[in-house]
Amino acid sequence: MTTKKISIKWRLIIYMTGFVALEFLLMLIFHTFFIDSFYQIIKMGDLKDAAKLISSELESGGNISSETDEKIKYLARENNMCVEIFDSEGNEIYYVEGMPFGIIREMDTAARKRLYDDTLEEGGTKFYFENSQQVEHINRMDHKNFSIPGIEIMNNGTNGLPFSPPEDERPSDKKYQPVQNIIFSQTVSIDGKEAVIALSTALTPLGATVSILNVETNYICAILLVLSILLAILIYRKISKPLMLTNQKALLLASGDYSVRFGGKGDYREIDQLNDTLSFAASELGKTEELRRELMANISHDLRTPLTMIKGYAELMRDIPGENTPENLKTIIDETSRLSDLVTDILDISKLQSGVTTLNKSVFSITQNINDILSRYSTLKENDGYAITFEHDNEAFIEADSIKMSQVLYNLINNAINYTGNDKKVVIRQTIKDGFVKIEIIDTGDGIDEKDMPFIWDRYYKVDKNHKSPVKGTGLGLSIVKNILELHGFEYGVISNLGKGSIFYFEAKISPSREP
């Protein structure tokens, strides 16, 4: 059972809508459950900061100057609080009212004295939380809900405004609501004497404010929802369409059209990088496909030629009396050996490139190895006039797989013989420097064009497909050389100029135990 997948456009719209819904839910939870706590924490912080500023002014000035008085009044007005300063005996030193009916104003001397003692016991600072009553949003004191001992409720109040009457005397048309007051006290030194600064403020009921915030939140979330959908559509058009175009071209690439190229420069770096990567992949696949066709053609040709000769000579020996000669048998044996070499090289290159080949390393003389290999070319030197020389000074030992390094040397020497010039000269040169031995195989042929350099290590790649040589190869030699040297981790390369021959080389570290 397959599940239908959601398009990018609808997925973006769902994500953006979900984000707005989550934001709305968080704001609603905050307004419902946490706004009162945050409001209280902020008001407490305002009281502490104001007390700290007032304390700093008093302790630096030593008394309440006119400038200090103005600063305290400004703080009281700005923070909607009342400020009272009294000494250790509870005697009032200073008072300023930044809000109507400050609750601390109604404390008597004994209550202030107890507040002073409580503040000292708490370490120099103390918070009180007390309730009063609010009538139609005007603060009025309710003596039944105020718990600090010693406060006397006066009928006339302060500034000519009456306090709330007892419950049985309250008008029936008035709505009384409890209001929480915060009182903060802090000890201070004035003219060398200990005193207390008491500040109070009221926590205004936030019911109406929360209702307003919830309405605003609804409108804001509705606007954000519309904007998020529009943004999702815009993102879809900017991102999804280039990706859809890239996908369409990728389908062409998957169908075997390696000429396809992906997009140009767009608005997004990641999409550009994806297009560049896919274009590079298409180019490389095209090259690989071309090499595959050439490989199949070459293998088919190399297999067909010896098989044709074997079949022809075998039929000749069968049908014509007297043709069963050693020469014809030798031709059949040579072509069979060529087939065997081709199959062996194909198997070797397959193993090397698949990573299943392991190295049997040992320390051996690369110098002696070269001498042994060159001794097998004596027939070629004598019969065909090739001049193959080996230039070296000291004997060099390396740690490597001797059999596979012999394969490397055979292939490089055969390649040099195939492509050397009319003088038929091939030079193998060994040099030792800085703990490394460098082996160079030099021919005097036509050289390699610079454009062909990157491809000479590929399977069946031939720079000159019409070259003539008495030594026939399988077309896999340099590819085998490359894979064996890379498996050993040896440096290798080729230096060549047109008309001046070529130098194939590799470098190996000299074995520490057998340095010359």
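These values consider heavy atoms only, across backbone and side chains, with no hydrogens, waters or symmetry-generated copies. None of these values were measured; they are calculated from a predicted model.
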Student: Would you please name every residue forming a side chain to side chain contact (heavy atoms under 4.5 Å, CB included) with L245, sequence neighbours left out?
Tutor: Q248, K249
Student: Taking all non-hydrogen atoms of both residues into account, name the closest pair between F390 and N371 and its distance.
Tutor: CD2-OD1, 3.2 Å
Student: Would you give the length of the straight line joining atom CD of Q273 to atom CG of D276, rounded to the nearest 0.5 angstrom?
Tutor: 7.5 Å
Student: Could I get the full list of side chain to side chain contact (heavy atoms under 4.5 Å, CB included) partners for S340, not counting sequence neighbours?
Tutor: T344
Student: Is any side-chain heavy atom of K311 less than 4.5 Å from a side-chain heavy atom of L307?
Tutor: no
Student: Could you tell me which residues satisfy ring-ring contact (aromatic ring centres under 6.0 Å, His included) with F30, sequence neighbours excluded, listed by chain and number?
Tutor: F38
Student: Mind checking ring-ring contact (aromatic ring centres under 6.0 Å, His included) for F24 and listing every partner two or more places apart, or none if nothing turns up?
Tutor: none
Student: Rounded to the nearest 0.5 Å, how far apart are CG of L253 and CZ of R261?
Tutor: 9.0 Å
Student: Taking only residues two or more places apart in sequence, or in another chain, which ones meet Y505 in a ring-ring contact (aromatic ring centres under 6.0 Å, His included)?
Tutor: none
Student: Indicate the ring-plane relationship of F504 and W457, choosing parallel, tilted or perpendicular according to the 30° and 60° boundaries.
Tutor: perpendicular
Student: For the residue pair I448 and L498, what are the closest heavy atoms and their distance?
Tutor: C-CD2, 3.8 Å
Student: Can you give me every donor-acceptor pair (side chain of residues 421-430, partner residue at least two apart or in another chain, under 3.5 Å) with its distance?
Tutor:
residue: D423; atom: OD1; partner: K425; partner atom: N; Å: 3.3
residue: D423; atom: OD1; partner: T444; partner atom: OG1; Å: 2.6
residue: D423; atom: OD2; partner: T444; partner atom: OG1; Å: 3.3
residue: K424; atom: NZ; partner: D384; partner atom: O; Å: 2.8
residue: R429; atom: NE; partner: E391; partner atom: OE1; Å: 3.2
residue: Q430; atom: OE1; partner: T367; partner atom: OG1; Å: 2.6
residue: Q430; atom: NE2; partner: T367; partner atom: OG1; Å: 3.3
residue: Q430; atom: NE2; partner: N394; partner atom: O; Å: 2.6

Student: Between E395 and S365, does any side-chain donor sit less than 3.5 Å from a side-chain acceptor?
Tutor: yes
Student: First locate atom OH of Y39, then atom CD1 of I35, and finally report the distance between them rounded to the nearest 0.5 Å.
Tutor: 10.0 Å
Student: To the nearest 0.5 angstrom, please state how far the CD atom of E57 sits from the CG atom of L53.
Tutor: 7.5 Å
Student: Verify the distance criterion only: is there a donor paired with an acceptor across the side chains of S259 and D257 at less than 3.5 Å?
Tutor: yes
Student: Using distance only, find each side-chain donor-acceptor pair of residues 219-234 under 3.5 Å and give its atom names and separation, not counting sequence neighbours.
Tutor:
residue: S228; atom: OG; partner: L224; partner atom: O; Å: 3.2
residue: S228; atom: OG; partner: L225; partner atom: O; Å: 2.7

Student: Could you pull out the closest heavy-atom pair between F490 and E507, with the gap in Å?
Tutor: CB-O, 3.3 Å
Student: Verify side-chain contact (heavy atoms from CB on, under 4.5 Å) between I441 and I503, making sure each step is shown before the conclusion.
Tutor: CA-CA 6 Å; I441 293 86; I503 302 174; over 6 Å; no
Student: State which residues pass ring-ring contact (aromatic ring centres under 6.0 Å, His included) with F19; sequence neighbours excluded, sorted by chain then number.
Tutor: none
Student: Which residues pass the side chain to side chain contact (heavy atoms under 4.5 Å, CB included) test with F280, not counting sequence neighbours?
Tutor: E284
Student: Looking at every heavy atom in both A50 and L75, which two are closest together, and how far apart are they?
Tutor: O-CD1, 4.2 Å
Student: As a quick check of understanding, evaluate side-chain contact (heavy atoms from CB on, under 4.5 Å) for K48 and F184, giving each step before the final call.
Tutor: CA-CA 7 Å; K48 290 186 70 173; F184 177 71; 3.9 Å; yes
Student: When rounded to the nearest 0.5 angstrom, what is the spacing between OH in Y313 and CG in N328?
Tutor: 6.0 Å
Student: According to salt bridge (Lys or Arg N to Asp or Glu O under 4.0 Å), does anything in residues 318-330 pair up with another residue at least two apart or in another chain? List the pairs.
Tutor: K330-D334
Student: Are Q40 and I182 close enough, and set up right, to give a side-chain contact (heavy atoms from CB on, under 4.5 Å), and what steps lead you there?
Tutor: CA-CA 9 Å; Q40 179 176 302; I182 304 176; 4.1 Å; yes
Student: Taking side chain to side chain contact (heavy atoms under 4.5 Å, CB included) as the test, write out the residues that go with D46, two or more places apart.
Tutor: I42, K43, N79
Student: Using a 4.5 Å cut-off on heavy atoms from C-beta on, say whether the side chain of I183 contacts that of L199.
Tutor: no
Student: Does any part of the side chain of I332, heavy atoms only, come nearer than 4.5 Å to the side chain of T336, both counted from C-beta?
Tutor: yes
Student: Would you mind reporting whether I398 and V363 have side-chain heavy atoms less than 4.5 Å apart?
Tutor: no
Student: Can Y377 and N414 be said to form a side-chain contact (heavy atoms from CB on, under 4.5 Å), step by step?
Tutor: CA-CA 10 Å; Y377 285 91; N414 286 342; 2.6 Å; yes
Student: For the residue pair M405 and L485, establish whether any side-chain heavy-atom pair is separated by less than 4.5 Å.
Tutor: yes
Student: Test: side chain to side chain donor-acceptor pair (under 3.5 Å). Region: residues 494-503. Which pairs qualify, not counting sequence neighbours?
Tutor: S496-S502
